[in-house]
Number of protein chains: 2
Amino acid sequence: MNIGTAAKRSGLPAKTIRYYEDIDLIRPRRDTNGYRDFSDRDVHKLLFLCRARALGFTIENCRVLLELWEDQERASGDVKQIAREHLAVIDAKIADLTSMRENLSHLIETCSGDDRPDCPILNDLAKAG
Amino acid sequence: MNIGTAAKRSGLPAKTIRYYEDIDLIRPRRDTNGYRDFSDRDVHKLLFLCRARALGFTIENCRVLLELWEDQERASGDVKQIAREHLAVIDAKIADLTSMRENLSHLIETCSGDDRPDCPILNDLAKAG
DNA sequence: TTTGAGCTTCCAGCAGGTGGAAGCCCTATA
DNA sequence: TATAGGGCTTCCACCTGCTGGAAGCTCAAA
């Protein structure tokens with residue numbers, strides 16, 4: 001099938017699929033006219049990539065996960081290890097954002113938000129270290 | 001003062017400070033030898049930027065906030081508006097990450113993580129749409 | 001045959017920096 | 001006074017993960 005069909009079936013934009021080929025995540029065969037020709041297996045891989053990316057795995061994570069997926073002999077422990085490391089990264093990001101959120105919402109609460117110039121948000125950003 | 005000193009005082013790497021000059025966030029004057037010469041006010045701005053970035057404001061947000069900070073006449077409502085919009089962005093990111101986290105930690109829980117090949121994490125990533 | 005959609009490649013750019021090379025400048029020490 | 005080092009300068013490339021657009025080919029329908 002052509003890239004447009006593969007895009008529809010996998011949920012990824014054609015541009016992204018070409019990019020994934022560029023960085024060697026997938027290797028669809030080519031028709032005689034030069035068009036990419038995707039097999040069902042290719043689409044399956046693309047779906048895999050789409051889901052893994054939606055879970056926030058990096059491209060390099062995806063590359064390894066895809067290899068593990070294709071390796072009939074792999075141990076599930078290897079996959080779990082990657083997933084756990086990724087979970088730690090997500091947790092760190094959540095913690096980071098939550099602390100930002102608390103700081104910022106506190107600042108917003110203390111700001112009158114009217115047309116007077118005094119503003120605790122700016123004051124805080126500008127305060128001496 | 002030289003860029004090294006400004007870097008130490010502001011907590012920003014010298015490279016980042018040069019970049020901020022490049023994109024016109026700051027305009028330190030120059031010594032006759034071509035070296036940047038930072039005033040206390042410049043360092044104050046850099047600290048402001050450092051804090052605002054740590055709160056996750058984009059560079060363009062920072063540009064506006066810095067202008068508002070320098071404008072004695074500005075209304076605190078303008079600042080509050082930017083802050084509130086940014087809070088909404090943070091909340092969306094937290095929601096996103098939290099949902100990822102839940103999916104992933106569920107997958108991890110169901111994975112035995114031993115040396116057998118059967119792995120629910122990969123199965124889920126690969127399942128038919 | 002012509003139109004229009006879909007495909008190809010390649011080049012550029014987004015955010016927000018970071019790394020490195022080549023080369024000047026300044027100071028301390030031998 | 002020569003030299004070694006560290007800090008400064010500019011410029012260019014690279015990072016992640018795409019995305020947009022231009023130029024040009026191919027294909028199917030009218």
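A, B, ... follow the sequence lines: proteins, then strands. Residue 1 opens every chain. No hydrogens, no waters, no symmetry mates; every other heavy atom, side chains included, goes into these values.
Nearest-nucleotide positions on DNA chain D place B:Gly4 closer to the 5' end than the other of B:Lys15 and B:Gly4. The 5' end of DNA chain C is approached more closely, in terms of each residue's nearest nucleotide, by A:Lys8 than by the other of A:Lys8 and B:Phe57. Of the residues near DNA chain C, A:Tyr35 and B:Tyr19, the one whose nearest nucleotide (by heavy atom distance) lies more toward the 5' end is A:Tyr35.
B:Leu122 is connected to A:Leu87 through a chain of hydrophobic side-chain contacts under 4.5 Å among Ile, Leu, Val, Met, Phe, Trp and Tyr, so both are in one cluster. Taking hydrophobic clusters as Ile, Leu, Val, Met, Phe, Trp and Tyr residues chained together by side-chain heavy-atom distances below 4.5 Å, B:Val89 does not share a cluster with B:Leu55.
B:Asp37 has its CG atom 18 Å from the P atom of D:dG7, to the nearest Å. Nucleotide D:dC18 holds its P atom 13 Å from the CG atom of A:Asp22, rounded to whole Å. Residue A:Asn2 contributes atom CG, which lies 11 Å from atom C1' of C:dT8 at whole-angstrom precision. When the P atom of C:dG6 is taken as reference, atom CG of A:Asp31 falls 17 Å away, rounded to whole Å. Here C:dG16 presents its P atom at 19 Å from CD of B:Glu21, a figure rounded to the nearest Å. Distance CD1 (A:Ile23) to C1' (D:dC18): 9 Å, rounded to an integer number of Å. B:Arg63 places its CZ atom 12 Å from the P atom of C:dG17, with the value rounded to the nearest Å. The nearest whole Å value for the distance from the CD1 atom in A:Ile17 to the P atom in C:dT9 is 13 Å.
Here A:Arg36 lies in heavy-atom contact (under 4.0 Å) with sugar-phosphate atoms only. B:Arg18 comes within contact range of at least one nucleobase, with a heavy-atom separation under 4.0 Å. Among the heavy atoms of the strands lying under 4.0 Å from B:Ile3 are primed sugar atoms or P, OP1, OP2 only; no base atom is included.
Across D:dC18, C:dG16, D:dT19, the shortest atom-to-atom separation from the side chain of A:Ile59 is found for D:dC18. Relative to the side chain of B:Thr58, the nucleotides C:dG16, C:dT8, D:dC18 differ in distance, and C:dG16 lies closest.
Using bins of under 30°, 30° to 60° and over 60° for the plane-to-plane angle, the ring pair B:Trp69/B:His44 lands in the perpendicular bin.
Put simply, B:Asn33 has no side-chain N or O that comes within less than 4.0 Å of OP1 or OP2 on C:dC24. Using a 4.0 Å cut-off, no side-chain N or O of A:Thr16 falls inside it from OP1 or OP2 of D:dG17.
A side-chain donor from one of B:Asn61 and B:Thr58 sits under 3.5 Å from a side-chain acceptor of the other.
Between A:Glu70 and A:Arg41 there is a salt bridge, with a side-chain nitrogen of the basic residue lying less than 4.0 Å from a carboxylate oxygen of the acidic one.
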